Amino acid sequence: MATKHWLIVYDIRNTKRLRKVEKCMESYAWRVQKSVFETSAGDETINTLKWRLEQIIETKEDFVLFFNICEKDWQKQEKFGVGAKIKEQMPDDGFVIL
């Protein structure tokens with residue numbers, strides 16, 4: 001199973017659902033901004049994440065967007081400022097899936 005790079009953004013209209021989405025996302029990815037996460041994961045993991053999010057969100061009110069970013073473009077990213085070293089602070093053993 002090949003690992004792919006993902007950028008995931010969302011807009012959740014209800015505070016209770018927002019907290020659930022945040023908790024779910026933190027199990028799979030690292031936070032870049034309040035509603036933006038990055039992760040490197042295989043298709044099976046991403047499909048599981050999508051399924052879990054579908055159980056939480058209200059599709060008529062909320063929005064989740066997954067960007068699959070190729071390795072070449074992922075390597076081109078430039079980060080600066082307070083969040084620039086977020087991934088470097090993450091443990092190498094990945095995330096615990098709850």
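The structure presented is a predicted model; accordingly, all values stated were derived computationally and were not measured.
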Undergrad: Hey, does Val36 have a side-chain heavy atom less than 4.5 Å from the side chain of Tyr10?
TA: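 No. Closest side-chain heavy atoms not under 4.5 Å.
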Undergrad: So Met25 and Leu49, do their side chains get closer than 4.5 Å, heavy atoms only?
TA: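 The answer is yes, as the side chains (C-beta and beyond) meet within the 4.5 Å cut-off.
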Undergrad: To the nearest 0.5 Å, what is the distance between OG (Ser27) and CZ (Arg52)?
TA: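 Going from OG on Ser27 over to CZ on Arg52, the span is 5.5 Å.
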Undergrad: Which atom pair, heavy atoms only, marks the closest approach of Ala29 to Glu38?
TA: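 For Ala29 versus Glu38, the nearest heavy atoms are CB-O, 3.0 Å.
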Undergrad: Between Arg17 and Glu61, is there a salt bridge with N-O shorter than 4.0 Å?
TA: yes
Undergrad: In the structure I gave you, are the side-chain heavy atoms of Tyr28 and Phe37 within less than 4.5 Å of one another anywhere?
TA: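 Not in contact.
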Undergrad: Do you know which two heavy atoms are closest between Gln33 and Arg31, and how far apart they sit?
TA: O-CG, 2.9 Å
Undergrad: Does any part of the side chain of Phe66, heavy atoms only, come nearer than 4.5 Å to the side chain of Thr39, both counted from C-beta?
TA: no
Undergrad: Rounded to the nearest 0.5 Å, what separation is found between the CD1 atom of Ile8 and the NZ atom of Lys50?
TA: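 Going from the CD1 atom of Ile8 to the NZ atom of Lys50 covers 8.5 Å.
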Undergrad: For the residue pair Ala41 and Thr3, what are the closest heavy atoms and their distance?
TA: N-CG2, 3.4 Å
Undergrad: For the residue pair Phe63 and Ser35, establish whether any side-chain heavy-atom pair is separated by less than 4.5 Å.
TA: no
Undergrad: Can you tell me how far apart CD1 (Ile46) and NZ (Lys4) are? Round to the nearest 0.5 Å.
TA: 9.0 Å
Undergrad: With Arg13, which residues qualify under salt bridge (Lys or Arg N to Asp or Glu O under 4.0 Å), at least two apart?
TA: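 For Arg13 the salt bridge (Lys or Arg N to Asp or Glu O under 4.0 Å) partners, ignoring immediate neighbours, are Asp11.
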Undergrad: About how many Å separate CD1 of Ile56 and CD1 of Ile12, when rounded to the nearest 0.5 Å?
TA: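 With rounding to 0.5 Å, CD1 (Ile12) is 8.5 Å from CD1 (Ile56).
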Undergrad: Taking the side chain as C-beta and beyond, is there a heavy-atom pair between Asn68 and Leu7 under 4.5 Å?
TA: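 The answer is no; the side chains never approach within 4.5 Å.
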Undergrad: Does the side chain of Val21 come within less than 4.5 Å of Leu53's, by heavy atoms?
TA: yes
Undergrad: Does Lys23 pair with Glu26 as a salt bridge, N-O distance under 4.0 Å?
TA: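 No.
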